[in-house]
Protein chains: 2
Amino acid sequence: MATIYQVSELAGVSLATVSRVMNNNTKVSDKTRAKVLQAMEELGYRPNAIAQSLASNRTNSVGVLVSELDGPFFGQVMEGIENELRLANKHVIITSGHSEEEKEKQCIEFLISRRCDALILQVDSVSDEYLLQLSTTIPTVLINRKVDAMAEFCTSLDNEQGGYLATKALIDKGHKSIAYIGGPDWKADSHERFVGHQRALTESGIEFNDALYFQGNFKETDGRDGFRQLMSTSIRFTGLACGNDEMASGAMKAARACGLVLPNDLSVVGFDNVTFARYLYPELTTIDNSAFSMGKTAAEIILKSVYKVEDIDIQNVFEPKLIDRNSIEFTPELK
Amino acid sequence: MATIYQVSELAGVSLATVSRVMNNNTKVSDKTRAKVLQAMEELGYRPNAIAQSLASNRTNSVGVLVSELDGPFFGQVMEGIENELRLANKHVIITSGHSEEEKEKQCIEFLISRRCDALILQVDSVSDEYLLQLSTTIPTVLINRKVDAMAEFCTSLDNEQGGYLATKALIDKGHKSIAYIGGPDWKADSHERFVGHQRALTESGIEFNDALYFQGNFKETDGRDGFRQLMSTSIRFTGLACGNDEMASGAMKAARACGLVLPNDLSVVGFDNVTFARYLYPELTTIDNSAFSMGKTAAEIILKSVYKVEDIDIQNVFEPKLIDRNSIEFTPELK
DNA sequence: TTGTAGGCGTTATCAC
DNA sequence: GTGATAACGCCTACAA
């Protein structure tokens with residue numbers, strides 16, 4: 001593979017000059033530039049990014065760590081990141097930590113030794129303090145997580161508002177007895193969604209009933225288990241809000257298994273607007289989590305703060321919105 | 001960030017020795033090794049992968065190009081690749097080409113200039129010749145595609161057999177009038193699936209009827225359109241095989257919209273066993289495409305051929321298998 | 001077993 | 001404008 005040296009020889013100029021035309025840095029006469037370009041063309045020259053990195057102390061790469069590569073959420077985030085970064089000629093190194101603290105830390109070490117210019121992390125296992133400490137070593141932006149001391153480097157959703165909107169959608173269709181299957185309460189996002197749910201209830205004068213609440217772990221099976229548990233009490237409900245779409249899907253299956261017809265007998269609302277939400281039957285009404293936007297924004301934050309690209313407006317917190325599909329029906333008479 | 005030089009100073013040895021303990025290369029006395037390790041620890045030394053690459057002419061990175069980052073197929077492939085490679089301490093640089101020839105070529109250029117040690121490509125737009133040519137420049141392995149001249153560097157599924165199995169599953173439940181919604185016939189995989197479909201028919205003495213065939217483009221909307229078109233003819237069918245799961249989903253929705261009850265009035269079988277297949281209603285019976293395995297295998301091929309890892313058995317062609325769920329019912333009497 | 005020194009392909013700082 | 005030349009941080013013969 002041709003090097004800058006061979007190009008300089010063929011063009012009859014010095015190394016430095018070749019380097020200059022590559023980087024459009026200092027002014028180079030048009031004539032010289034043409035000669036160099038010509039030589040590059042002839043040799044099929046491709047700059048060696050590695051050597052550039054070593055010399056310039058810039059790798060033009062950003063490391064990404066996500067929990068799962070094949071989760072429905074991740075793909076959208078990734079797409080948002082990659083699109084944005086590629087336009088700026090940066091590249092993405094990707095790892096996944098599977099929500100295990102040790103693995104996550106290992107991945108981060110790995111990315112650092114690769115001399116990434118910055119990190120984009122979507123992690124739950126690692127502590128706020130660790131992240132804060134890390135961010136003093138290398139520019140770090142967080143996906144779907146908010147650490148106050150580094151707020152400008154976080155992207156997140158207003159989960160409380162999302163939880164509110166979801167339940168509100170049910171209430172607006174006349175539902176008064178509404179169950180909730182949530183994620184783990186120690187996770188900030190699921191906790192907030194749950195709080196939003198309660199706010200919607202309160203606002204409409206509906207009393208929160210603990211028997212209508214089930215805490216799951218965001219898996220489809222938790223939706224199923226939650227639904228069964230909810231049904232096992234004597235309290236009837238016509239609406240069901242879920243902490244995410246997976247659990248909604250599980251609950252819907254379980255409901256049908258109980259002989260319910262959806263959405264007539266039970267209205268369901270999810271959260272995240274994951275890709276498969278519109279493949280469900282009935283198509284799931286849910287809350288858009290703007291995964292793509294978060295990925296895009298994370299990339300923009302880095303473009304702006306690390307690569308000094310101007311004219312970028314950053315929006316750190318996203319407003320959830322209701323994606324209205326077919327899983328909510330007007331409430332039937334309570335039987 | 002500490003360099004090898006500082007480590008050598010603190011440890012009171014030479015650069016070379018430090019380098020040696022890092023690479024476990026030549027023998028180093030235990031005493032020296034301990035001193036060096038100690039010094040590294042103290043300084044929080046992290047090897048600079050960039051400098052290592054430049055010096056050793058090895059980046060330990062493999063470039064991956066896929067069509068879409070957020071497709072349901074991709075995540076699994078990616079997970080297979082990353083898992084395998086990370087264990088070997090290689091890393092993954094990722095790009096997406098969106099099925100546009102120009103973009104795909106750009107991505108490849110990009111990965112090459114990044115001096116990846118090898119490439120893993122999942123592409124349709126680019127020609128066999130181009131890939132063949134490319135593989136003379138850099139080790140290249142193909143996902144879900146077979147180019148004869150580089151067969152050992154391809155991973156693929158026996159699509160014909162898959163198409164056969166899908167339709168066979170329908171036939172086994174008594175269906176005799178079976179429609180087919182396929183992908184574009186110029187794509188090798190969808191063509192083969194279609195051929196398999198026809199083989200199953202022929203084998204059972206069922207004549208292929210062109211009016212029961214619709215050619216789509218693998219999108220959900222094509223499934224919908226295909227179903228409508230199929231219904232618009234006067235020929236009735238009780239079974240429907242689709243070229244992929246997306247189209248199956250579209251067709252199922254369209255069928256319900258026509259008032260059919262699934263799977264009683266219509267049995268459907270998909271292809272790919274995409275993540276959301278089990279979220280569909282009824283849960284989709286389909287053909288497993290072993291996306292994860294293909295990714296894993298692609299990584300193994302590279303580990304073996306580029307990084308000289310021993311003891312790896314490679315299986316280039318995967319056998320499809322039926323994932324039996326709930327979307328196929330025994331045939332009703334033809335009305 | 002350990003040290004010396006040249007090289008990997010660029011960038012960047014000087015001079016001219 | 002252009003050309004030497006010293007970094008950048010590490011690897012690897014070759015010597016010792």
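The basis for the numbers below is simple: all heavy atoms, side chains too, and nothing from hydrogens, waters or symmetry mates. Chain letters run A, B, ... following the sequence lines, proteins first, then strands; residues in each count from 1.
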Check every strand shown and say whether [X] touches a base, only sugar-phosphate, or nothing at a heavy-atom separation below 4.0 Å.
| X | value |
| --- | --- |
| Thr32(A) | sugar-phosphate |
| Asn48(A) | sugar-phosphate |
| Val13(A) | sugar-phosphate |

Electrostatic pair [X]-[Y], nearest N-O below 4.0 angstrom:
| X | Y | result |
| --- | --- | --- |
| Glu109(B) | Lys105(B) | no |
| Asp128(B) | Arg145(B) | yes |
| Lys296(B) | Glu300(B) | yes |

Taking only side-chain N and O atoms of [X], does any of them lie within less than 4.0 angstrom of OP1 or OP2 on [N]?
| X | N | result |
| --- | --- | --- |
| Gln52(B) | dC10(D) | no |
| Ser14(B) | dT2(C) | no |
| Asn23(B) | dC11(D) | yes |
| Tyr5(B) | dC11(D) | no |

Between [X] ([atom1]) and [N] ([atom2]), how many Å, whole number?
| X | N | atom1 | atom2 | result |
| --- | --- | --- | --- | --- |
| Ile4(A) | dA12(C) | CD1 | P | 11 Å |
| Asn57(B) | dG9(D) | CG | C1' | 16 Å |
| Leu54(B) | dG7(C) | CG | P | 14 Å |
| Leu15(B) | dA13(D) | CG | C1' | 15 Å |
| Arg33(B) | dT2(C) | CZ | P | 9 Å |
| Arg58(B) | dT12(D) | CZ | C1' | 15 Å |
| Tyr45(A) | dG9(C) | OH | P | 10 Å |
| Met1(B) | dC10(D) | CE | P | 11 Å |

Worksheet entry | Of the listed nucleotides dT10(C), dC11(D), dG3(D), the one nearest the side chain of Ser19(B) | dC11(D)
Worksheet item: Considering only side-chain heavy atoms of Thr17(A), which listed nucleotide, dT2(D), dG9(C), dG9(D), is closest?
Response: dT2(D)
Fill in: Polar side-chain atom of Thr59(A) near backbone of Arg115(A) as donor-acceptor pair, under 3.5 Å
yes
Response to the item:
The answer to which of Val28(B) and Ser56(B) contacts DNA chain C further toward the 5' end, by nearest nucleotide, is Val28(B)
Discussion item. I want to confirm an ordering. Mapping Ser29(B) and Thr3(A) to their closest nucleotides on DNA chain C, which one lands closer to the 5' end?
Written reply: Ser29(B)
Worksheet entry | Any N/O donor-acceptor pair, Arg115(A) side-chain to dG9(D) base, under 3.5 Å | no
Practice prompt. Classify the side chain of Arg46(A) versus the base of dG9(C) as yes if they form a donor-acceptor pair under 3.5 Å and no if they do not.
Written response: no
Worksheet entry | Which atom of Ser67(B) lies closest to which atom of Ser96(B), heavy atoms considered | O-CB, 3.9 Å
Worksheet item: Do you know the tightest heavy-atom contact between Asn60(B) and Asp117(B)?
Response: N-OD2, 2.6 Å
